[in-house]
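Accompanying notes for the structure given below.
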Amino acid sequence: QVQLVESGGGLVQAGGSLRLSCAASGRTLNIYRMGWFRQGQAPGKEREFVAGIRWSDSALYYANSVKGRFTISRDYAKTTVYLQMNSLKAEDTAVYFCAADLTHGERYDNWGQGTQVTVSS
């Protein structure tokens, strides 16, 4: 397993930027991919995929709702993944979770505790 610790959340005005970080430790050599998910506070809101990066070739994946505004990247030396969020909107308000896949593509099976991002309009 890997341990994931997110940081960088907070309160920002609409149009502003934030950068989230996720530091991985433990069995990091087994990581196939890492990603960011989010879950809004509205009742019944499900956790949704935001962005992902594959470890082997750094292939990037984004939800349509964040393309062109969010950028996922990694620091190879620190086993840290970042999510740069620009042009934030009120609808981006959510708890953001970092996740790691050690199942070679089957599912994300390791999760961080989450960090709150609030965008005021």
Side-chain angles (χ1 to χ4, degrees):
Q1 301 300 310
V2 296
Q3 293 73 48
L4 304 171
V5 179
E6 303 105 329
S7 60
L11 173 64
V12 65
Q13 288 189 335
S17 299
L18 278 176
R19 189 176 82 153
L20 305 182
S21 299
C22 174
S25 60
R27 298 178 62 185
T28 58
L29 292 178
N30 294 88
I31 293 176
Y32 175 77
R33 57 181 173 167
M34 289 185 68
W36 289 95
F37 291 73
R38 66 186 181 187
Q39 187 167 17
Q41 272 86 41
K45 192 77 171 177
E46 295 187 353
R47 190 173 298 186
E48 62 175 356
F49 171 78
V50 175
I53 181 167
R54 189 164 58 202
W55 237 229
S56 60
D57 58 1
S58 295
L60 306 177
Y61 306 91
Y62 295 98
N64 288 335
S65 58
V66 306
K67 278 182 182 177
R69 300 189 298 123
F70 291 11
T71 302
I72 188 171
S73 62
R74 63 177 287 193
D75 182 320
Y76 287 79
K78 297 180 180 179
T79 320
T80 299
V81 171
Y82 304 97
L83 185 68
Q84 178 67 43
M85 304 185 294
N86 299 328
S87 302
L88 282 161
K89 307 175 182 179
E91 51 263 43
D92 294 318
T93 295
V95 177
Y96 283 71
F97 297 89
C98 176
D101 171 14
L102 275 64
T103 67
H104 205 73
E106 289 183 17
R107 66 187 184 280
Y108 286 93
D109 57 336
N110 291 261
W111 294 85
Q113 80 287 355
T115 185
Q116 176 70 46
V117 171
T118 302
V119 183
S120 62
S121 56

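Only a predicted model underlies this, so the values are computations on that prediction, with no experimental measurement involved.
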Heavy-atom side-chain contact between W36 and I53 under 4.5 Å = no
Interatomic spacing from CD in E46 to CD in Q39 - rounded to 0.5 Å = 8.5 Å
Applying side chain to side chain contact (heavy atoms under 4.5 Å, CB included), run through W55 and T79 and close with a yes or a no.
-> CA-CA 10 Å; W55 237 229; T79 320; 4.0 Å; yes
Side chains of Y32 and E106 in contact at under 4.5 Å (non-hydrogen atoms) | no
Ignoring hydrogens and angles, tell me if any N or O in the side chain of E6 forms a donor-acceptor pair with the backbone of C98 under 3.5 Å.
-> yes
Establish, yes or no, whether a centroid distance under 6.0 Å links the rings of F37 and Y108.
-> yes
To the nearest 0.5 Å, tell me how far I31 CD1 sits from H104 NE2.
-> 14.0 Å
Measuring from R33:CZ to L60:CG, what's the distance to the nearest 0.5 Å?
-> 13.5 Å
Can you tell me which residue pairs pass the salt bridge (charged side-chain N to carboxylate O under 4.0 Å, His left out) test with a partner in residues 52-72, sequence neighbours excluded?
-> R54-D57, R69-D92
For S121 against A90, the heavy-atom pair lying closest together | CB-CB, 4.2 Å
Distance from N86 atom CG to T71 atom OG1, nearest 0.5 Å?
-> 6.5 Å
Under a single-linkage definition using a 4.5 Å side-chain heavy-atom cutoff for Ile, Leu, Val, Met, Phe, Trp and Tyr, are V66 and V117 assigned to the same hydrophobic cluster?
-> yes
If you take all heavy atoms of S58 and R74, which pair is closest and at what distance?
-> OG-CD, 3.9 Å
May I ask you to test the Q1-R27 pair for a side-chain heavy-atom distance under 4.5 Å?
-> no
Would you say L4 and M34 make side-chain contact, with heavy atoms under 4.5 Å?
-> yes
Taking C-beta and beyond as the side chain, do T93 and Q116 meet within less than 4.5 Å on heavy atoms?
-> yes
Hey, could you give me the OG1/CG distance between T103 and N30, rounded to the nearest 0.5 Å?
-> 11.0 Å
Do Q41 and V95 come within less than 4.5 Å of each other through their side chains, counting heavy atoms only?
-> yes
Minimal non-hydrogen separation, A100 against V2, with atom names = CB-CG2, 3.7 Å
Using a 4.5 Å cut-off on heavy atoms from C-beta on, say whether the side chain of F70 contacts that of L18.
-> no
Answer with yes or no whether the hydrophobic clustering places V12 together with Y96; edges join I, L, V, M, F, W, Y residues whose side-chain heavy atoms lie under 4.5 Å apart.
-> yes
Non-hydrogen side-chain atoms of L20 and M85 separated by less than 4.5 Å | yes
Any sub-3.5 Å donor-acceptor pair from Q113's side-chain atoms to V5's backbone N or O?
-> no
Criterion side-chain contact (heavy atoms from CB on, under 4.5 Å) against I72, the qualifying member of Y61, Y62, Y82 = Y62
Closest non-hydrogen contact found for Q84 with S17 is NE2-CB, 3.9 Å
